[in-house]
Amino acid sequence: MKTEFTAEQLKDPKITRANEILRSCVHCGFCTATCPTYQVLGDELDSPRGRIYLIKDMLENDRMPDAKTVKHIDRCLSCLACMTTCPSGVHYMHLVDHAREYIEERYKRPIGDRALRWILARILPYPTRFRLALLGAKIGRPFARLMPDARLRAMLEMAPKQVPAVSRNDDPQSFAPQGARKKRVALMTGCAQKALNTDINDATIRLLTRLGCEVVVAEGAGCCGALTHHMGKSDESHRTAARNIRAWAREMDGGGLDAIVINTSGCGTTVKDYGHMFRHDALAKDAARVSEIAMDVSEVLMQLDLPTGGAPAMTVAYHAACSLQHGQQIKTFPKDLLKRAGFGVVEPADSHLCCGSAGTYNLMQPEISKQLKDRKVRTLEAKNPDVIAAGNIGCMMQIGSATGVPIVHTVELLDWATGGPKPPAMERAAQGMTGVPILR
């Protein structure tokens, strides 16, 4: 794609990066075939190619964002299926992140939009605040249908019937390995996940220590910054990311780390990009070190001696989170691990398509999100699974809200197959407690 940025514009490293990405696009349109929003809406401007044209025009002319451009950029899921499809290697993620930051700095949204984004940015990344908000939403949930704004209804409907108790495993500490130590790893315990589902981190710690890892929960680590980063709130996202970088760098320089283990793939995609996000910052060196050893939990487990064949006979429908299969290009590891453990693994049709969760997307674009969710649930249920497995809490919440099939994290099944407890979500399903598939 031909670009016409001025020499003065190209002095800005963000514009230089955008220029590199734009010039790599050859207008082929392959991305439209796998873009969920294009498939749902049928509008060229709701495809990656269309959005690239809008972003190019906005940045090149250094103009104020207009409502049309903002609408189509907001509708992007950042599922990154386009990056998997693109034959030219267009790094759409960095481009759309830059566009969102540009819009956040220059565009004055309607007051309702500003208020919603402010609330989400002030609550979701903070587990205690989020937990309190969930308790409040739980009270308001019976009145969700009375809400005039679909986004407010989505927020209330998201609230679980019960909020899990705090897990003390998420506190800063170290867990000793069983037997000889093979690795020393830091577990990212996250933010929203600690409020929504404590079973995942608990199972991860049991599984990793059983397989010979010392697991460290680093003092000072918390939210990865993804939620605010994808809203264009770069100052906020960088502040939280910087705390992680400092916390993990201390561990790397102290007892040493073989990996930073992440069991929420949306977070993993962001942490692996810290090197880029902080490339012009004083933390650039440490950020690059962190990104270098950041690994999805499935990557770490592939390096360990996972026992074979211990699972009960059952069919697991594997849902591939976009942030894992497209953002991190990890496509087979979770399935390989489940098969090694003895589970029968099936995949839904169109497994490359997003479920519609996408961080805060299901709260800010509920109509489009619901269409994607309904399609994903239909394709999963068509496989008649005993359980659904996924590697991202957002996907688990999204899919779990629309199916009676229990949905659990991949590590919960692997923990069970290697001597851990049966996943609580499956126990609840066996007792007929549907409708709350992942929460205690």
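Below, each value reflects all heavy atoms present in this structure, side chains not excepted, and no hydrogens, waters or symmetry copies. Position 1 is the first residue of the sequence, and the numbers go up from there. All values reported here derive from a predicted model rather than from experimental measurement.
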Are any non-hydrogen side-chain atoms of T16 and K11 less than 4.5 angstrom apart?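 They are not in side-chain contact.
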Are T3 and E60 side-chain neighbours, meaning at least one heavy-atom pair lies under 4.5 Å?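 Counting from C-beta outward, T3 and E60 do come under 4.5 Å.
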Taking Q9 for the side chain and A7 for the main chain, is one N or O donor matched with an acceptor at less than 3.5 Å?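 Not at all, since once roles are kept as given, no pair shorter than 3.5 Å links the two residues.
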What class does the angle between the rings of H91 and H94 fall in, given that below 30° is parallel, 30 to 60° is tilted and above 60° is perpendicular?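 Because their plane-to-plane angle is under 30°, the rings of H91 and H94 count as parallel.
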With a 4.0 Å cut-off on N to O distance, would you call [X] and [Y] a salt bridge?
X: R210; Y: D415; result: yes
X: R289; Y: E251; result: no
X: D202; Y: R206; result: no
X: R49; Y: E44; result: yes
X: K233; Y: E101; result: no
X: D273; Y: R279; result: no
X: K335; Y: E347; result: yes
X: D350; Y: R378; result: no
X: D46; Y: R75; result: yes
X: D62; Y: R106; result: yes

Have a look at [X] and tell me which of [options] forms a side chain to side chain contact (heavy atoms under 4.5 Å, CB included) with it.
X: F175; options: V185, V216, N169, L187; answer: N169
X: K376; options: D374, L372, L380; answer: L380
X: S265; options: C395, C322, S323, S298; answer: S323

T204 and N201: side chain donor to acceptor below 3.5 Å: no
Give a yes-or-no answer on whether the side chains of T84 and Q325 include a donor-acceptor pair shorter than 3.5 Å. no
More than 12 foreign heavy atoms under 6.0 Å from NZ of K331: is that the case here? yes
Within a 6.0 Å radius of atom CD on E105, are there more than 12 heavy atoms belonging to other residues, nucleotides or ligands? yes
Answer yes if the ring centres of Y53 and H27 are under 6.0 angstrom apart, and no otherwise.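 Judged by ring-centre distance (under 6.0 Å), Y53 and H27 do meet the cut-off.
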For salt bridge (charged side-chain N to carboxylate O under 4.0 Å, His left out), just list the numbers for D74 and R109, CA-CA rounded to whole Å, side-chain angles, deciding distance to a tenth of an Å, and then say yes or no. CA-CA 12 Å; D74 283 353; R109 295 177 179 275; 2.7 Å; yes
